[in-house]
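The structure under discussion appears below in the form of structure tokens.
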Amino acid sequence: MDIHGHMTDRHHELGRTDPEIASLVHAEERLQQDTLRLIPSENYVSAAVLAATGTVLTNKYSEGYPGRRYYEGQQNIDPIEIIARERAQALFGVDHANVQPYSGSPANLAVYLAFARPGDTVLGMALPMGGHLTHGWGVSATGTWFRGVRYGVRADTGRTDLDEVRDLALRERPRIIFCGGTAVPRTVDFAGFAAIAREVDAILVADVAHIAGLIVGGVHPSPVEHVDVVSTTTHKTLRGPRGAMLMCRAEHAKAIDKAVFPGLQGGPHNNTTAAIAVALREAGTDEFRAYARQVVANAKRLGEELAARGFELVSGGTDNHLLLVDLTRRGVAGKVAAKALDRAGIVVNYNTVPFDTRSPFDPSGIRIGTPALTSRGLSEEHMPLIARWMDRIVTRAAVGSEDEIAAVRSEVREFLGGFPAPGLPV
Ligand code: DSN
């Protein structure tokens, strides 16, 4: 039976056993087909990745690493993890990959465990400037157990100023420096960060969760030769299952492995490991490289179209998959706009913009990205249409008109009917 056949069988079984959950899964499938998903950290995995995720590998405990497990019966699990590791190493060009972290936050926590002691200083991008919680932000364990100091972006350029980062590093002497983030529309200067880290003898971590697929696709520089550790989730531009990887030079391999297990985690999620392996195989193809190029081309074009309609883009545009839009001049708050767009079938997230005067729960901006829509086959020619829809909705959101929202919603649904989403039942 083919993959779709298996999926149908499993859907049927789920429906028989738990109709309540089955109907919500079905509704989610519909939603993912009918809506324009612009959240830059989301994507659609292939049917093959989805199939690997839903396998009997979920039944197996495998604490330890291949050849050194605490449970027997690893005849199939060990080769799967070795294949995943080797594919990551080959694709990113690293000495060592650990594919066991459950997701990005545990992966980053493992880096602290490997290289720092509680109370040590960590230098990372401030969350409201585009950083991640786990880069030492106050409400995260990483900002509670460690001393977080933060860099941001310049008000005039919207870009990180490496002179500011260097001054901070020289003054604060961090044990760990994070570069990369979750709302960074511009190329990360890994070499510049590396020079600073060397000067203060800090461990440099590139958190490339957002851009991993762009790196292996050849449209963003690789951090590998510059940093001590590369941390990434596997489910964003990389188009894998929800999971993460830590990659490093051979000298750090032992510390990283020990920190992930037994330091932080128990048994790896073997079904996820298999799906990561499948995604890495897919990411090594010419088709994937073309996909990565298209993600960036789409984001640039969407940015131009939005700017032409009076949307203000942080840093003036994008080099990657992501656009951060400041709605202040449009006279509508980020949350109001995001909720109106959602009702119109255009899914974004509200987001702080640098130097935001509003609260993180009701900020001034929205964050959008092109990985998911590119996975459905949309290209530059479709970006003006999306910008027009967004303009119509954001204009109406300011005055609270629902008619336009309903009109756009049906246009979006009809348009997307021509672009079936990977992995979803047709
Ligand atoms: N990775 C974050 C995002 O960008 O959505 C959430 O932690």
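Bear in mind that the values here come from a model prediction, so they are computed numbers and not experimental data. Every number for a ligand or one of its atoms is a count from 1 in the order of the listing.
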**Q.** Nearest-neighbour protein heavy atom for atom 7 (O) of ligand 1, which is reported as residue plus atom name and distance
**A.** His132 NE2, 2.8 Å

Q.
Tell me whether the NZ or CZ atom of Arg37 lies within the 45° cone about the ring axis of Tyr44 and under 6.0 Å from its centre.
A. yes

Q) Taking the side chain from Ser140 and the backbone from Thr142, do they hold a donor-acceptor pair closer than 3.5 Å? A) yes

Q) Does even one non-hydrogen atom of Glu42 get within less than 4.0 Å of ligand 1? A) no

Q.
Parallel, tilted or perpendicular: which one describes the rings of Phe193 and Tyr151, with boundaries at 30° and 60°?
A. tilted

Q) Quick one: does Arg376's side chain have a donor or acceptor within less than 3.5 Å of a partner on Ala372's backbone? A) no

Q: Check each atom of ligand 1 against the heavy atoms of Lys236 and keep those under 4.0 Å away; list them by number with element.
A: 1 (N)

Q: Just jot down the ligand 1 atoms closer than 4.0 angstrom to any heavy atom of Arg367, in number order.
A: 3 (C), 4 (O), 5 (O)

**Q.** Minimum non-hydrogen distance to atom 2 (C) of ligand 1, winning option of Asn349, Thr182, Leu322, Ile39
**A.** Thr182

Q. At what distance is the nearest protein heavy atom to atom 5 (O) of ligand 1, and which residue and atom is it?
A. Ser41 OG, 2.8 Å

(Q) On the six-membered ring of Tyr350, is Arg367 placed so that its NZ or CZ lies under 6.0 angstrom from the centre and within 45° of the ring axis? (A) no

Q. With a cut-off of 4.0 Å, which atoms of ligand 1 are near a heavy atom of His210?
A. 3 (C), 4 (O)

**Q.** Pair Thr187-Asp319, side-chain donor/acceptor within less than 3.5 Å
**A.** yes

